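The block underneath contains the structure these notes are about, expressed in structure tokens.
Because the structure is predicted, anything quoted here is derived from the model rather than measured. Counting begins at 1 with the first residue of the sequence.
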Amino acid sequence: PPPPVKKTLITCSNPSCERYGRPGDKAPLKCASCKSARYCDKECQRQHWRQHKEFLSVAQIKLKMAHLIWLLRGIPGYVTHMFKEYNYWRERGKRGFIEFEFFRWEQVFEAIKFIEEFPVYEDVPFVGMPGTPSYAPPGAKQLFLPQRKIPPDVFSRFNELVEDYMHFTENENRPNLQRALDVAMQCDNLFVISVSVGLEGTYTTHIYDFVYKSVSWEPSDNGPVTAVAAK
């Protein structure tokens, strides 16, 4: 059996380990990639690697999806364009959101690489709504959102890599999305943005957040003080 370890709340992530999920048992070895999975030792990590690798791939893709949302909210001209698309459908009684629907994770990575090449003309302070993925709690480091413009000579390429995947969507089948839509329907100055990516087989992963008309969420906005996590 593995040697005794000190008691703590961090337990082994390997389901075949006798300490898996046992309250109070410490797993000192941390996965260097995701920084969250814990193991008793190298053997536990090796046994769990096949399953964890699949989770790790999805987790890394989700980080990229969140980063794409971050980049898009940093293009004021495009934010205005998305608001116009969103408001067109909302004024017609639709309850939905702006979605970027990619069929392969490589398309997300390519869109990110493309946008990151746009020159940054300003970094502005950013505050996300409490309870959302982009929220930084009190005491956390201040976030600054790089502001970019789409260079005129790459408009067609931007359409090919980004705009062509954007559309307004209605969906009542994603439980974690519904309360975020409830929040958005109470406000005129924000909307829900989603990035979805098709993975192997028929599986698709999603991530949600809000985009704000004034760059950041403001407590004086005509919405609730907090919202459920939109992810």
Side-chain angles (χ1 to χ4, degrees), residues 10-17 20-21 27-75 78 97-118 120 126 128-129 131-137 140-141 143-146 148 157-158 160-166 169 171 174-177 180 192-211 228-231:
I10 305 172
T11 61
C12 185
S13 299
N14 176 21
S16 63
C17 175
Y20 173 71
L29 186 62
K30 182 188 295 185
C31 173
S33 296
C34 73
K35 310 297 185 184
S36 60
R38 294 269 186 165
Y39 301 98
C40 296
D41 50 35
K42 287 286 187 181
E43 179 59 22
C44 271
Q45 186 176 26
R46 185 193 65 78
Q47 292 176 5
H48 189 231
W49 173 242
R50 184 174 179 180
Q51 292 80 12
H52 186 57
K53 181 171 62 173
E54 296 179 6
F55 159 80
L56 195 59
S57 297
V58 174
Q60 290 173 334
I61 291 171
K62 278 187 173 288
L63 287 175
K64 289 292 187 179
M65 294 160 67
H67 186 52
L68 178 59
I69 292 176
W70 178 255
L71 292 173
L72 291 172
R73 64 157 50 100
I75 308 176
Y78 195 62
F97 55 101
I98 295 295
E99 179 159 51
F100 291 81
E101 186 176 8
F102 297 93
F103 307 106
R104 304 187 314 276
W105 62 265
E106 294 93 340
Q107 294 169 326
V108 177
F109 285 43
E110 188 174 12
I112 288 172
K113 182 179 179 182
F114 176 69
I115 295 174
E116 287 182 332
E117 293 176 353
F118 299 173
V120 175
F126 175 82
M129 181 187 294
T132 63
S134 55
Y135 173 66
K141 183 179 180 180
L143 297 177
F144 287 88
L145 180 63
R148 294 176 166 91
R157 184 64 172 159
F158 182 86
E160 178 184 343
L161 296 180
V162 181
E163 171 71 7
D164 287 352
Y165 297 98
M166 187 272 281
T169 303
N171 191 302
R174 305 178 196 172
N176 293 338
L177 171 65
V192 176
I193 185 172
S194 167
V195 174
S196 66
V197 179
L199 302 177
E200 293 185 8
T202 59
Y203 180 64
T204 300
T205 186
H206 314 271
I207 190 167
Y208 315 102
D209 206 333
F210 291 104
V211 170
V228 294
K231 60 181 178 179

Roughly how far, to the nearest 0.5 Å, is the [atom2] atom of [Y] from the [atom1] atom of [X]?
| X | Y | atom1 | atom2 | answer |
| --- | --- | --- | --- | --- |
| Ile98 | Ile193 | CD1 | CD1 | 8.0 Å |
| Ser196 | Met65 | OG | CE | 6.5 Å |
| Ile112 | Leu161 | CD1 | CG | 11.5 Å |

Kindly give the heavy-atom pair with the smallest separation between [X] and [Y], and that separation in Å.
| X | Y | value |
| --- | --- | --- |
| Ala136 | Leu143 | CB-CD1, 4.3 Å |
| Thr11 | Arg38 | O-CB, 3.6 Å |
| Gly198 | Thr204 | CA-OG1, 4.1 Å |
| Arg148 | Leu71 | NH1-CD2, 3.5 Å |
| Ala180 | Val192 | O-CG2, 3.6 Å |
| Cys31 | Gln45 | CA-NE2, 4.1 Å |

Do Leu72 and Val211 have side chains that get closer than 4.5 Å, going by heavy atoms?
->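 They are not in contact (no side-chain heavy atoms under 4.5 Å apart), so the answer is no.
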Side-chain touch Phe97/Asn171, heavy atoms, less than 4.5 angstrom =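 When only atoms from C-beta onward are counted, Asn171 and Phe97 do touch, with a gap below 4.5 Å.
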Step by step, would you call Ile61 with Val108 a side chain to side chain contact (heavy atoms under 4.5 Å, CB included)?
-> CA-CA 9 Å; Ile61 291 171; Val108 177; 5.9 Å; no
Tyr20, OH: over 12 other non-hydrogen atoms inside 6.0 angstrom |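 Not buried by this count: 12 neighbours or fewer within 6.0 Å.
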Residue from Ser16, Pro15, Cys17 passing side-chain contact (heavy atoms from CB on, under 4.5 Å) with His48 =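 Considering Ser16, Pro15, Cys17, a side-chain contact (heavy atoms from CB on, under 4.5 Å) with His48 is found only for Pro15.
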Give a yes or no answer on whether the side chain of Arg73 reaches the backbone of Phe210 with a donor-acceptor pair at less than 3.5 Å.
->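 Here the side-chain-to-backbone pair exists.
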Can you check whether Tyr39's main-chain N or O pairs, donor with acceptor, with Ser13's side chain at less than 3.5 Å?
->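 Not a single qualifying donor-acceptor pair exists.
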Partners meeting side-chain contact (heavy atoms from CB on, under 4.5 Å) with Tyr165 (sequence neighbours left out) =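 So Tyr165 forms a side-chain contact (heavy atoms from CB on, under 4.5 Å) with Phe102, Phe103, Gln107.
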Salt-bridge present (Lys64, Glu110; N to O < 4.0 Å) =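 Here Lys64 does not pair with Glu110 in a salt bridge, since their nearest N and O are not under 4.0 Å apart.
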When you check the gap from the basic side-chain N to the acidic O, do Lys113 and Glu116 get nearer than 4.0 Å?
->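 Not counted as a salt bridge, because no side-chain N and carboxylate O are separated by less than 4.0 Å.
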Could you tell me how the ring of His206 sits relative to the ring of Tyr208: parallel (under 30°), tilted (30 to 60°) or perpendicular (over 60°)?
->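 Because their plane-to-plane angle is under 30°, the rings of His206 and Tyr208 count as parallel.
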Between Phe114 and Phe158, how do the two ring planes meet: parallel, tilted or perpendicular, split at 30° and 60°?
->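 Phe114 and Phe158: tilted rings.
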Which is it for Ile207 and Ile69 under the side chain to side chain contact (heavy atoms under 4.5 Å, CB included) test, yes or no, and what are the steps along the way?
-> CA-CA 9 Å; Ile207 190 167; Ile69 292 176; 4.1 Å; yes
Starting from the C-alpha separation in whole Å, work towards a yes-or-no answer on side chain to side chain contact (heavy atoms under 4.5 Å, CB included) for Leu68 and Val162.
-> CA-CA 10 Å; Leu68 178 59; Val162 181; 5.6 Å; no
Hey, are Tyr78 and Glu163 close enough side-chain-wise for a donor-acceptor pair under 3.5 Å?
->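 Indeed, the side chains of Glu163 and Tyr78 share at least one donor-acceptor pair under 3.5 Å.
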Go through the steps for Phe109 and Glu106 under the test side chain to side chain contact (heavy atoms under 4.5 Å, CB included), then give the verdict.
-> CA-CA 5 Å; Phe109 285 43; Glu106 294 93 340; 5.6 Å; no
